[in-house]
Amino acid sequence: MEAMIERCAGLDVHQETVVACVLFGPLDKKPKTSIETFSTTTTGLLALSDWLSTLQVSDVVMESTGVYWKPIWNILEDSFHLVLANARHVKNVPGRKTDVKDAEWLAKLLRCGLIESNFVPPEDIRDLRDLTRYRKKLIHHRTSEQNRIHKILQDANIKLTSVLSDIFGVSGRRILEAILNGEKIETDGLRKMVDWRTKASITDIAHAINGRIRRHHRDMLRYHWEHMSYL
């Protein structure tokens with residue numbers, strides 16, 4: 001295979017250590033090899049950066065395994081041209097594998113320009129991704145709690161979902177809070193709870209909430225309601 005990069009490194013990343021293999025030398029000759037192992041602590045990664053700089057490495061490749069590559073990327077991204085490789089695309093030949101062989105294999109592929117890098121967005125976009133993904137998780141958990149509330153209401157024979165399009169809207173929340181508090185809901189009180197934009201009649205809503213709710217239902221509803229509100 002024709003070499004394209006004069007000085008490059010392959011990193012085999014683990015949770016506690018990272019094995020680095022540097023290939024360097026003229027492109028038309030067999031490269032020299034230098035291999036070291038570093039800790040993944042900040043001190044160890046700074047030592048890795050200094051070692052790569054000492055060897056005048058220009059390009060560095062690592063696999064996108066879990067989240068272990070992220071701290072290394074954060075330390076090295078300002079000093080080297082980094083390549084994040086898809087683990088499936090750079091899988092080593094079957095047989096006995098070692099960390100050193102994996103790092104050397106990555107370096108050989110990079111030296112010959114055979115690795116296509118995954119897209120890694122800038123730091124501010126990575127931060128935004130973390131926030132939006134976490135928000136998506138929270139919304140998913142909140143929806144799960146709302147579904148549990150739906151199931152408990154059905155078990156208590158409260159058909160609020162049949163008369164309100166969204167039982168977690170203004171009207172639905174007022175009625176549910178009254179049910180949670182064990183209040184006896186009269187027609188006049190129900191009329192104050194229901195928003196004027198609600199299409200269902202007060203009579204229909206009154207029939208819908210006339211169920212067979214027990215203390216167990218109220219307790220379970222309160223657990224899910226408080227968690228949903230927290231989320």
Side-chain angles (χ1 to χ4, degrees), residues 4-5 7-23 36-53 55 57-92 97 99 101-150 166-169 173 223-231:
M4 300 178 64
I5 301 175
R7 292 175 177 268
C8 62
L11 306 181
D12 188 53
V13 180
H14 301 277
Q15 182 176 356
E16 298 180 359
T17 60
V18 52
V19 179
C21 174
V22 174
L23 300 180
E36 292 285 346
T37 300
F38 298 88
S39 168
T40 53
T41 61
T42 301
T43 303
L45 295 180
L46 289 174
L48 168 63
S49 179
D50 293 340
W51 181 70
L52 293 174
S53 297
L55 293 176
V57 171
S58 60
D59 297 70
V60 179
V61 61
M62 67 190 83
E63 291 180 348
S64 56
T65 51
V67 296
Y68 299 140
W69 63 272
K70 290 187 176 182
I72 300 172
W73 187 281
N74 294 335
I75 295 292
L76 302 182
E77 66 176 334
D78 294 331
S79 305
F80 307 94
H81 175 253
L82 301 182
V83 176
L84 186 65
N86 188 316
R88 291 184 179 180
H89 297 167
V90 296
K91 186 176 181 180
N92 207 338
K97 294 180 58 179
D99 299 341
K101 286 184 178 180
D102 285 345
E104 188 175 4
W105 175 251
L106 288 172
K108 287 180 179 179
L109 293 177
L110 180 62
R111 181 174 169 87
C112 297
L114 296 178
I115 298 181
E116 182 178 355
S117 177
N118 290 341
F119 172 68
V120 178
E123 188 178 64
D124 57 341
I125 301 300
R126 297 203 297 269
D127 294 343
L128 181 61
R129 277 184 171 184
D130 288 339
L131 290 171
T132 54
R133 285 170 179 168
Y134 183 54
R135 181 179 183 273
K136 185 178 180 179
K137 286 287 186 182
L138 291 179
I139 292 174
H140 174 73
H141 292 322
R142 185 186 65 183
T143 302
S144 296
E145 292 294 1
Q146 291 176 345
N147 291 338
R148 294 185 182 105
I149 291 174
H150 276 285
D166 180 15
I167 66 171
F168 301 104
R173 282 177 176 268
Y223 299 148
H224 298 312
W225 182 269
E226 290 178 352
H227 192 204
M228 181 194 72
S229 300
Y230 168 75
L231 291 171

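Source: prediction; values computed, not measured.
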K.L.:
Taking side-chain hydrogen bond (donor to acceptor under 3.5 Å, both in side chains) as the cut-off, I'd like each qualifying pair that reaches into residues 36-45, sequence neighbours left out, listed once.
P.N.:
S39-T41
K.L.:
Show the nearest heavy-atom pair for residues V61 and A85, with the distance to one decimal.
P.N.:
CG2-CB, 4.1 Å
K.L.:
Let's go through H140 and K136 carefully: what are the C-alpha distance in whole Å and the side-chain angles of both, what is the deciding distance for side chain to side chain contact (heavy atoms under 4.5 Å, CB included) to 0.1 Å, and is it a yes or a no?
P.N.:
CA-CA 6 Å; H140 174 73; K136 185 178 180 179; 5.8 Å; no
K.L.:
Step by step, work out the side chain to side chain contact (heavy atoms under 4.5 Å, CB included) result for L52 and L76.
P.N.:
CA-CA 10 Å; L52 293 174; L76 302 182; 4.3 Å; yes
K.L.:
Compare every heavy atom of N74 with every heavy atom of R126, then report the nearest pair and how far apart it is.
P.N.:
NH2-OD1, 3.2 Å
K.L.:
Using side-chain heavy atoms (C-beta onward) and a distance below 4.5 Å, is R148 in contact with S144?
P.N.:
yes
K.L.:
Atom CD of residue position E77 - does it have more than 12 heavy atoms of other residues, nucleotides or ligands inside 6.0 Å?
P.N.:
yes
K.L.:
To check you understand the geometry: which heavy-atom pair defines the closest contact between V57 and V60, and what is its length?
P.N.:
CG1-CG2, 3.9 Å
K.L.:
Taking all atoms of both residues into account, what is the closest heavy-atom pair of E145 and L231, and its distance?
P.N.:
CG-CD1, 4.4 Å
K.L.:
Quick check against the 3.5 Å criterion: does S49 have a side-chain atom that pairs as donor or acceptor with the backbone of L45?
P.N.:
no
K.L.:
Could you tell me the separation between the CG atom of L11 and the OG1 atom of T17, rounded to the nearest 0.5 Å?
P.N.:
11.5 Å
K.L.:
Take K108 and L23, measure what side chain to side chain contact (heavy atoms under 4.5 Å, CB included) needs, and give me the verdict at the end.
P.N.:
CA-CA 8 Å; K108 287 180 179 179; L23 300 180; 3.8 Å; yes
K.L.:
Determine the interplanar angle of the W51 and F38 rings, folded into 0 to 90°, and report it as parallel if under 30°, tilted if 30 to 60°, perpendicular if over 60°.
P.N.:
tilted
K.L.:
Do S58 side-chain atoms and R7 backbone N/O form a donor-acceptor pair below 3.5 Å?
P.N.:
yes
K.L.:
Quick one: pull up CD1 in I149 and NE2 in H227 and give me the separation to the nearest 0.5 Å.
P.N.:
11.0 Å
K.L.:
Write down the atom of A107, the atom of G10, and the distance for their closest heavy-atom approach.
P.N.:
CB-N, 3.6 Å
K.L.:
Say you draw a straight line from CZ of R135 to CG of L128; how long is it, rounded to the nearest 0.5 Å?
P.N.:
11.5 Å
K.L.:
Test side chain to side chain contact (heavy atoms under 4.5 Å, CB included) on R142 and I139; report intermediate values, then the result.
P.N.:
CA-CA 5 Å; R142 185 186 65 183; I139 292 174; 4.1 Å; yes
K.L.:
Please, which pairs that meet ring-ring contact (aromatic ring centres under 6.0 Å, His included) have at least one residue in residues 62-83, sequence neighbours excluded?
P.N.:
W69-W73
K.L.:
Which atom names give the shortest non-hydrogen contact between G113 and M4, and what distance separates them?
P.N.:
CA-SD, 4.0 Å
K.L.:
Any chance you could measure T132, atom OG1, to I125, atom CD1, to the nearest 0.5 Å?
P.N.:
9.5 Å
K.L.:
Determine the sole option in L109, L110, L106, V120 for which the side-chain contact (heavy atoms from CB on, under 4.5 Å) test with V83 is passed.
P.N.:
L110
